[in-house]
Undergrad: 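The structure that follows is given in the form of structure tokens.
Since the model is a prediction, treat every value here as computed from it, not as a measurement.
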Amino acid sequence: MNILVVDDDSDDIVLFTEAFGTIYPNSTIYRASNGMEGLQMAHKILPNIVFLDINMPVMNGRETLLSIRKDSLLKNLTICMLSTTSNRDEIQWCYKAGADGFVIKPPSFQALCISLRNFVQLYLR
């Protein structure tokens with residue numbers, strides 16, 4: 001399984017990579033630090049799932065989500081938004097714009113593993 005995580009926080013990327021490696025050890029994690037890099041990487045690898053942070057420089061997660069959904073090659077990718085926000089308006093906006101899921105960055109490694117496993121089981125049966 002090819003996973004693309006787009007997040008400007010290197011600590012979050014390391015944590016995410018470790019969590020995904022724990023629950024899906026045969027997966028390959030690709031990383032990008034902003035939406036522009038994420039779009040370029042998505043075109044190269046066509047990932048099974050894209051995890052997008054919302055707040056990033058250069059191109060934020062909202063802009064990246066919209067760009068993916070307008071791109072004929074990428075529009076059917078499974079996309080899960082990642083954020084520390086629990087703002088309902090933000091979450092609703094993401095779903096309306098085409099996100100398949102929204103994971104609030106959990107406070108613990110174990111909670112992150114559970115959230116990721118639940119999302120993958122729901123969308124990649």
Side-chain angles (χ1 to χ4, degrees):
M1 176 172 16
N2 288 334
I3 307 300
L4 174 58
V5 59
V6 185
D7 195 324
D8 63 320
D9 186 321
S10 59
D11 291 337
D12 283 351
I13 289 180
V14 168
L15 188 64
F16 181 91
T17 302
E18 288 177 10
F20 225 95
T22 298
I23 56 177
Y24 294 102
N26 294 326
S27 59
T28 302
I29 309 294
Y30 296 88
R31 302 163 191 90
S33 61
N34 63 61
M36 190 67 69
E37 288 178 12
L39 285 172
Q40 292 169 353
M41 182 66 69
H43 274 274
K44 289 179 186 175
I45 64 168
L46 293 177
N48 299 95
I49 303 175
V50 177
F51 289 92
L52 279 177
D53 184 28
I54 291 178
N55 296 312
M56 297 179 289
V58 182
M59 178 183 265
N60 67 39
R62 286 173 146 219
E63 296 165 327
T64 307
L65 173 61
L66 292 173
S67 293
I68 288 172
R69 290 300 183 228
K70 291 178 184 176
D71 187 304
S72 61
L73 182 64
L74 305 177
K75 67 182 179 182
N76 294 317
L77 293 178
T78 300
I79 300 173
C80 182
M81 304 305 288
L82 296 171
S83 183
T84 55
T85 187
S86 58
N87 179 295
R88 289 182 186 200
D89 292 336
E90 182 74 31
I91 295 168
Q92 282 184 332
W93 186 96
C94 290
Y95 279 116
K96 286 180 182 176
D100 297 297
F102 193 103
V103 171
I104 298 170
K105 292 179 182 178
S108 73
F109 182 77
Q110 183 178 9
L112 177 61
C113 289
I114 291 168
S115 294
L116 295 176
R117 183 180 300 117
N118 289 342
F119 181 81
V120 170
Q121 288 175 347
L122 183 63
Y123 286 95
L124 295 183
R125 294 180 188 207

Undergrad: What about Leu65 and Ile54, same hydrophobic cluster or not, with Ile/Leu/Val/Met/Phe/Trp/Tyr joined at side-chain heavy-atom distances under 4.5 Å?
TA: yes
Undergrad: State, to 0.1 Å, how close Ile104 and Ser86 come at their nearest heavy-atom pair, and which atoms those are.
TA: CD1-CB, 3.6 Å
Undergrad: Would a hydrophobic clustering, with Ile, Leu, Val, Met, Phe, Trp and Tyr connected at side-chain separations under 4.5 Å, put Leu52 with Ile29?
TA: no
Undergrad: Look at atom CE of Met59 and say whether more than 12 heavy atoms of other residues, nucleotides or ligands are closer to it than 6.0 Å.
TA: yes
Undergrad: Going through the checks in order, is the side-chain contact (heavy atoms from CB on, under 4.5 Å) test met by Val6 and Glu37?
TA: CA-CA 8 Å; Val6 185; Glu37 288 178 12; over 6 Å; no
Undergrad: Donor-acceptor check, side chain of Asn48 to backbone of Asn2, threshold 3.5 angstrom: yes or no?
TA: yes
Undergrad: Report the C-alpha distance between Asp53 and Asp12 in whole Å, list the side-chain angles of each, state the deciding distance to 0.1 Å, and finish with yes or no for side-chain contact (heavy atoms from CB on, under 4.5 Å).
TA: CA-CA 10 Å; Asp53 184 28; Asp12 283 351; 5.9 Å; no
Undergrad: Quick one: CZ on Arg31 to CD1 on Ile3, what's the gap to the nearest 0.5 Å?
TA: 12.0 Å
Undergrad: Shared ILVMFWY cluster between Met41 and Ile13, side chains joined below 4.5 angstrom?
TA: no
Undergrad: What's the spacing between Cys94 SG and Leu66 CG if we round to 0.5 Å?
TA: 9.0 Å
Undergrad: What is the minimum heavy-atom distance between Pro57 and Ser33, and which atoms define it?
TA: CD-O, 4.4 Å
Undergrad: Identify the heavy atoms of Met1 and Phe20 that sit nearest to each other, and give their distance.
TA: CE-CE2, 4.2 Å
Undergrad: Hey, is Lys105 close enough to Asp9 for a salt bridge, meaning N to O under 4.0 Å?
TA: no
Undergrad: Tell me whether Phe119 is reachable from Tyr24 by hopping between hydrophobic residues (I, L, V, M, F, W, Y) whose side-chain heavy atoms are closer than 4.5 Å.
TA: yes
Undergrad: Between Glu63 (side chain) and Asn60 (backbone), is there a donor-acceptor pair under 3.5 Å?
TA: yes
Undergrad: Quick one: pull up CG in Asn55 and CZ in Arg62 and give me the separation to the nearest 0.5 Å.
TA: 9.5 Å
Undergrad: Could you give all pairs that pass the ring-ring contact (aromatic ring centres under 6.0 Å, His included) test and reach residues 82-103, with sequence neighbours left out?
TA: none
Undergrad: Indicate yes or no: at least one non-hydrogen side-chain atom of Asp11 is less than 4.5 angstrom from one of Leu15.
TA: no
Undergrad: Can you tell me how far the CG atom of Leu46 sits from the CG atom of Leu73, to the nearest 0.5 Å?
TA: 5.0 Å
Undergrad: Could you walk me through whether Asn34 and Asp8 pass side-chain contact (heavy atoms from CB on, under 4.5 Å), step by step?
TA: CA-CA 6 Å; Asn34 63 61; Asp8 63 320; 5.9 Å; no
Undergrad: Would you indicate whether Gln110, at its atom CD, is surrounded by more than 12 heavy atoms from other residues, nucleotides or ligands within a distance under 6.0 Å?
TA: no
Undergrad: If you round to the nearest 0.5 Å, how far is CG of Leu39 from CG of Asp71?
TA: 7.5 Å
Undergrad: Would a hydrophobic clustering, with Ile, Leu, Val, Met, Phe, Trp and Tyr connected at side-chain separations under 4.5 Å, put Leu4 with Val103?
TA: no
Undergrad: For Ile68 versus Leu74, what's the shortest heavy-atom pair and its separation?
TA: CG2-O, 3.5 Å
Undergrad: Considering only distance and modelled atom types, tabulate donor-acceptor pairs under 3.5 Å from the side chains of residues 75-85, sequence neighbours left out.
TA:
unit_1: Ser83; atom_1: OG; unit_2: Thr85; atom_2: N; d: 3.0
unit_1: Thr85; atom_1: OG1; unit_2: Asn87; atom_2: N; d: 3.0

Undergrad: Could you give the distance from CG (Leu116) to CZ (Phe16), rounded to the nearest 0.5 Å?
TA: 5.0 Å
Undergrad: Can you see which heavy atom on Met36 is nearest to which on Val58, and at what distance?
TA: CB-CG1, 4.0 Å
Undergrad: Going through the checks in order, is the side-chain contact (heavy atoms from CB on, under 4.5 Å) test met by Cys113 and Phe109?
TA: CA-CA 6 Å; Cys113 289; Phe109 182 77; 3.6 Å; yes
